[in-house]
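Here is how names work: the chains are called A, B, and so on, in the same order as the sequence lines, proteins then strands, and each is numbered from 1.
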Amino acid sequence: MILYKVEGGIAVSMEITIKLNSVLKRHCGDPAGKIIMKIDEGTKVGQVLEKIPIVKGEAEIIILNSKLVQEDAVLRDGDVIELYPVMGGG
Amino acid sequence: MNMANGYIGKIARINLTTGEVNIEKPDDLFYRTYIGGKGFIAYYLLKEVPADADPLGEDNKLIFACGALTGVPAAGMPRFSAGAKSPLTGAFGQSDAGGFWGPELKKAGYDGLIIEGKSPTPVYLYINDDEIRIKDAKNLWGLDTGEAQEAIRRENGGGSIKIAQIGIGGENLVRYSCIINELKHANGRNGMGAVMGSKKLKAIAVKGSGKIPFADENKIKSISKKFLEIYMDNPLSRGLYEYGTAGGVAGQNAAGLLPTRNFINGEFGGANNIGGETMADTILKKREGCYSCAIRCKRAVEVQEEGLSVDSRFGGPEYETLAAFGSLCEIDDLKIIAKANELCNRYGLDTISTGCSIAFAMECTSRGILNKEFFEGMEVTFGNSSVVLPMIEKIARREGFGDILAEGTKAAAKRIGIGAQDILLTVKGQELPMHDPRGKTGVGIGYAVSESGADHMRAGHDTLFSKEGFSLDSVKPLGILEPVDVYDLSSKKVRNFIYLHDWWSFFDMAGICDFGPAPRGAMSVNDVVELLQAATGWDISLWEMMKAGERSINMARCFNIKAGLKKSDDMLPERLFAPLKNGRQKGTSINKDEFTRAISLYYSMMGWNEDGIPLRSKLGELNLDWVEI
């Protein structure tokens, strides 16, 4: 498990879980690919993607609480994001 | 004009009716105009094969063609094309393979082979540098590919001999039989194995001692070294190394786009059991690769159980195979799928069309179109893994109902009658690959307009270009500068498809693997240009390469028009215009009117008329005035 703390957060702090799948796991110290992150209220998925050490554009499939979403989805306390890598044929 | 480097400068023409062998030496202009692979195939089909030829008759020709970069010592440059009029589609047929056979053919002294006529008895070709011999293969006919490879090596002193061959699928003219080299690299699609079988040609064994000449070997070395330094940092190349194409199963399923239950569904409950990670943790024996390629995306798997063994010599299942025998048939037994893959490679069957044929049969049962009696007592139902291996045997041997399925699902549906044609999933008679265009419409355009029937490797997929990031950045030199939504069917999507189709068509001409360079691999667009310059010595540009790709597309199109294909052949099956029934994209479909407009727009952008026929002015612009349609 890796904990990322967002500096300069505003009053309300929330915690989300990010699950990296398949080859994305290489970016994470946890073999299960799990990251717990504290975020500020109003944080969007895209902002979270910028804070984890993946290559830009690498996480193509974004699932928030079991539903497909885009990077503009706003996060809530306790949310679970699952990320899958891009695949382009083959 | 001096002959370019990178090529050998010789093409062997072998007539199996007369036994004559002639060596032709095309000039530099021919090579620079048609490049190789798909370009050579289109040239010879247009020039020499009557458009109304029976694909399994004496008039059809089977062309093996390397490209300018086949055998260059860099990642992703091992490929060659096999082509003919396809017995599955009746259209332009072309299928490419990696491995080691293509580079070996060039080292033996040939850029390509043109196989003509038909031998009265089984034969194989033995090529050892200048020696080309047509040898008796009566004792090889009926052997599986593993047995035949051993026998040919024994007969010719073993060593580094490389063998491309057919199995009993090709011998029995299964219309989606393939050509296999080194037991695991396939010219999989379009039924090129059946064309080879129709000519009674079991195998082409090649041994080469020569060296392919390159204009600037130091430059090639530096590009290759640069690739080795960066490829493991590229997410796509890294993914291919770690999990092979099998790594795609989990993501496609998560996205709700894993073809399931014959494309009725997009999510499969057993997906995790058949994916790349499970394979890596269970049956994976080793990672393998092609000539000079560091990516090593190939898998070799092994199973040793009582009643079920899988021989790693035949490689391992790709994503397409896992989905075709797995989710499409609702089967989550990885070992059975691995065995299905091994059998297809032993018998020389295309795993996509074979899996699709079984799924088609399963849906026929579920809808009451066919019953247990038709299947000779077998319960051919979704999820019943016990029927998969016996069905492959029956198809390969054309036994009982297998004889009907061996004709391809389009012909089978016609024979079965009412109801079966409504569930058909083909374009131009070729079964759909394992990518659902409902979630990536550019793939749908590719399926529809592909010269060879439904094909997922005509252009990079929409998902690579729908967001800002490394893969979109990689194609900016092609003029693709901004993200386009995966569901979009506007001019932006059509334009992107055209550029990407030109780019990958050039790959099919030059002998480049789609997994080496951008957008699916780590080598940059500009490095591909420089590699081609270094190999050939030509001052060739990206612009000229893209025009060459466009030329090959137009040539293949012209062959299809002469063969009688129409605008109506550029259309997706009805199921893709209906909503997905489960998963995260439940309810998603393609709007047929929008799709039809996109195809018309594609014709227009291509310089084709409203019926999809290239204008004379377009043919003139591509230096194809000689093509008559």
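- When each of B/P235, B/G469, B/G460 is checked for heavy-atom pairs under 4.5 Å with chain A, B/P235 comes out on top.
- A/D77 is linked by a side-chain contact (heavy atoms from CB on, under 4.5 Å) to A/M14, A/E15, counting only residues two or more places apart in sequence or in another chain.
- Taking chain B as the reference chain and counting heavy-atom pairs below 4.5 Å, the highest number among A/N21, A/V86, A/I62 is found for A/V86.
- The most heavy-atom pairs under 4.5 Å with chain A, out of B/R584, B/E468, B/Q252, come from B/R584.
- For a residue to count as touching a neighbouring chain, one of its non-hydrogen atoms must lie under 4.5 Å from one of that chain's; by this rule B/Y243 touches chain A with the side chain only.
- No donor-acceptor pair under 3.5 Å is formed between the side chain of B/D350 and the backbone N or O of B/R189.
- Of the possible polar contacts, one joining the B/D462 side chain to the B/V443 backbone as a donor-acceptor pair under 3.5 Å is found.
- Ranking A/I63, A/I54, A/V55 against chain B, the residue ahead of the rest is A/I63, based on heavy-atom pairs under 4.5 Å.
- Proximity to chain A (any heavy atom under 4.5 Å) is restricted, for B/E242, to the side chain, taken from C-beta onward.
- To the nearest 0.5 Å, atoms OH (B/Y319) and CG (B/L240) are separated by 13.5 Å.
- Residue with the most contacts toward chain B among A/E82, A/E71, A/R26, A/K67: A/R26 (heavy-atom pairs, distance under 4.5 Å).
- Below 30°, between 30° and 60°, or above 60°: for B/F227 and B/Y231 the angle between ring planes is below 30°, a parallel geometry.
- The NZ atom of B/K467 lies 6.0 Å from the CD atom of A/E60; values are rounded to the nearest 0.5 Å.
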